[in-house]
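The next block holds one structure in the form of structure tokens; read it before the comments.
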Amino acid sequence: MAKRDYYEVLGVSKDATEEEIKSAFRKKAKEYHPDINKSPDAPEKFKEAQEAYACLSDKDNRAKYDQFGHAAFENSYGNAGGGSYQGGNPFGNFDFGDIFDDLFSGGFGGFGGFGSSSRNSTRARKGADTLYSMKIDFMDAVYGTKRDIELEYYEVCDDCDGHGGHGEVICSECNGKGTVIKQANTILGTIQTRSTCPECNGKGKTYKSRCNTCKGNGRVKVTKTLTIDIPAGINEGEQLRVSGKGEPGLNGGPNGDLYIEIRIIPHEFYRREGNDIYVDMPVTITDLCLGCKKTIKTMDGYVDIKIKEGSQPGDILRIKGKGINNPDSWKKGDFYLVLKLIIPTSLSRKQKSILEDLEDTDLEDSVEFKKFDKLNK
């Protein structure tokens, strides 16, 4: 059966860049890998894509292929692969380790043994971040505060400076590379795979003696009390970041970060909307009818407020600039008073008489009565 054009196999043009060829092969390998694609023709298409990539990713082989086509690698030319063009890969034992490392986050270790993620497993990686929920009082969120928390996390071992041992030497198993190359015979031909060196766990070095303090881990668990500075004006759900106090890193990588999520205990009277504060202010019917003055405690201290004659229940009075002072906001919040009429539950005879006199007040010309009459007609 005649072989297909390598550029056609990968779906790229003849002037494709090295990166475009590599990207095209990754897509084909994911699509046709036998452990993913169970169709009968998947193994053959996967093998075909491997062969095409082995040729086009090598500058010399690509130049020969562009000039002579598939004939460049037949026995009559004898310079390219050294093997028969029939029945296998004409490019010898091509190492797909690098490209397989990039295909899946864990390499091909879980896909039938085709390749191994040595690069991912040995690379220094930052540890996972940690989330800590902290409850604070409403007023602490308004004015800011400091809170102490006791936390367990990992630090670099002082005794071995994080190496895990003493007397560093080059690993004799991998000669300092951190990986070992193995050859495997598969249904797709002979493939070389790289795996993490079992002797040094990918570090490329070992030690004459193991550190007793950290037991070879390079890190020790500590318990410390951290003082957290909570800024004024912090809001519900905001997070504070503490660098390097999260989960330990891998292969010498740094610790993750600690994020403290703020939960604010609601206040008995004050309500917060952004940087504004709202409070229900109880008033009597005479306060509304005749008007009065009240003294109110705001975020900045006491303020005198005037309630106008004829005010209505639900009216909102604004005190400018007396809300929350949030340093992250360009504008300081305001303080709002919501007038809440309180109806007495018991009256003296004299008070009842006064209210009965008020009943004779003509309110039918007011806007509210006219609207209600219109609704009932």
Side-chain angles (χ1 to χ4, degrees), residues 18 22 25-26 29 33 35 50 53-54 57-61 81-83 88-89 91-128 153-222 244 246-256:
E18 292 182 12
K22 184 177 181 179
F25 172 63
R26 286 211 300 264
H33 189 279
D35 282 352
Q50 281 186 302
Y53 178 70
S57 63
D58 183 276
K59 291 183 179 179
D60 292 337
N61 285 340
N89 182 358
F91 307 103
N93 296 330
F94 185 84
D95 183 8
F96 288 94
D98 286 345
I99 189 70
F100 282 169
D101 282 347
D102 296 336
L103 284 175
F104 300 99
S105 60
F108 268 60
F111 295 90
F114 295 99
S116 171
S117 178
S118 61
R119 183 176 298 174
N120 285 340
S121 63
T122 61
R123 185 177 67 242
R125 286 183 287 177
K126 183 180 179 181
Y153 62 96
Y154 286 85
E155 285 187 344
V156 173
C157 177
D158 290 334
D159 289 347
C160 65
D161 293 327
H163 296 299
H166 305 280
E168 180 181 308
V169 294
I170 296 177
C171 177
S172 58
E173 182 73 17
C174 65
N175 293 320
K177 295 180 179 178
T179 59
V180 291
I181 297 178
K182 296 181 180 180
Q183 188 168 291
N185 295 319
T186 73
I187 60 173
L188 307 177
T190 301
I191 298 178
Q192 288 183 340
T193 61
R194 286 188 305 178
S195 60
T196 301
C197 176
E199 184 69 22
C200 65
N201 292 323
K203 294 180 179 179
K205 54 192 177 184
T206 57
Y207 301 92
K208 294 180 181 179
S209 62
R210 190 179 71 163
C211 177
N212 291 327
T213 302
C214 64
K215 309 302 182 185
N217 294 319
R219 294 175 182 268
V220 291
K221 181 183 287 187
V222 296
E247 295 294 325
L250 299 177
N251 302 316
N255 279 17

Closest non-hydrogen contact found for Thr196 with Val180 is O-CG2, 4.4 Å
Nearest non-hydrogen partners of Asn61 and Ala54, listed with the distance: ND2-O, 4.2 Å
List, one per line, each side-chain donor-acceptor pair under 3.5 Å for residues 159-177, sequence neighbours excluded.
{"unit_1": "Asp159", "atom_1": "OD2", "unit_2": "Thr213", "atom_2": "OG1", "d": "2.3"}

SG (Cys214) and CG (Asp158) are apart, to the nearest 0.5 Å, by 10.5 Å
Are Glu247 and Tyr153 packed together at the side-chain level, in the sense that at least one heavy-atom pair is separated by less than 4.5 angstrom? no
Given side chains that start at C-beta, do those of Thr206 and Cys200 come closer than 4.5 Å, heavy atoms only? yes
Closer than 3.5 angstrom, by distance alone: can the side chain of Asn217 be matched with the main-chain N or O of Arg219 as a donor-acceptor pair? no
By salt bridge (charged side-chain N to carboxylate O under 4.0 Å, His left out) - contacts of Glu155 (at least two apart): Lys224
Exceeds 12 heavy-atom contacts within 6.0 angstrom, atom OH of Tyr154: no
Non-neighbouring partners of Lys221 that pass side-chain hydrogen bond (donor to acceptor under 3.5 Å, both in side chains), sequence neighbours left out: none
